[in-house]
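Source: prediction; values computed, not measured.
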Amino acid sequence: IRRCDECVATGNQLVLMMKGRARSEEDECPICNLPLPMDENELSLKVCCMKRVCNGCVLAFVQRGMVESCAFCRTPIAHSDAAILA
């Protein structure tokens with residue numbers, strides 16, 4: 001059977017992806033359920049609920065005008081260290 005190099009390369013990638021392990025539920029954004037990026041700069045940790053949310057969901061939340069609350073649990077955002085620790 002003759003195959004072009006691109007087809008063989010694509011087939012190998014599919015085989016490798018099928019053999020990979022599934023990421024845990026902790027690695028998904030709790031809002032959109034998409035895998036969280038590996039780069040910590042592309043997600044944010046919400047201290048009120050201890051959830052990691054992707055920047056895309058945070059951006060969508062801000063664009064809807066809900067800047068003063070958490071994107072996941074809707075708790076008002078604390079602006080001082082004392083309020084965060086309370």
Report task. Sort and list the pairs that fulfil side chain to side chain donor-acceptor pair (under 3.5 Å) and have at least one residue in residues 55-66, not counting sequence neighbours. Result -> none
Requested in this report: Tell me who clusters with Ile77, hydrophobic residues only, linked when side chains sit under 4.5 Å apart either directly or through other members.
Outcome: none
**Report entry** ILVMFWY clustering at 4.5 Å (side-chain atoms), partners of Phe61
**Finding:** Met66
Output side-chain donor-acceptor pairs under 3.5 Å for residues 29-36, partner residues at least two apart or in another chain, one line each.
none

Query raised in the report: Counting only heavy atoms not in Lys51, do more than 12 sit closer than 6.0 Å to its NZ atom?
Result: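 Not buried by this count: 12 neighbours or fewer within 6.0 Å.
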Report task. Output the distance between atom SG (Cys73) and atom CE (Met50), rounded to the nearest 0.5 Å. Result -> 11.5 Å
Report task. Check side chain to side chain contact (heavy atoms under 4.5 Å, CB included) between Asp39 and all other residues, then give those that pass, not counting sequence neighbours. Result -> Asn41, Glu42
Query - Residues forming a side chain to side chain contact (heavy atoms under 4.5 Å, CB included) with Glu40, sequence neighbours excluded - result: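 So Glu40 forms a side chain to side chain contact (heavy atoms under 4.5 Å, CB included) with Leu43, Arg52.
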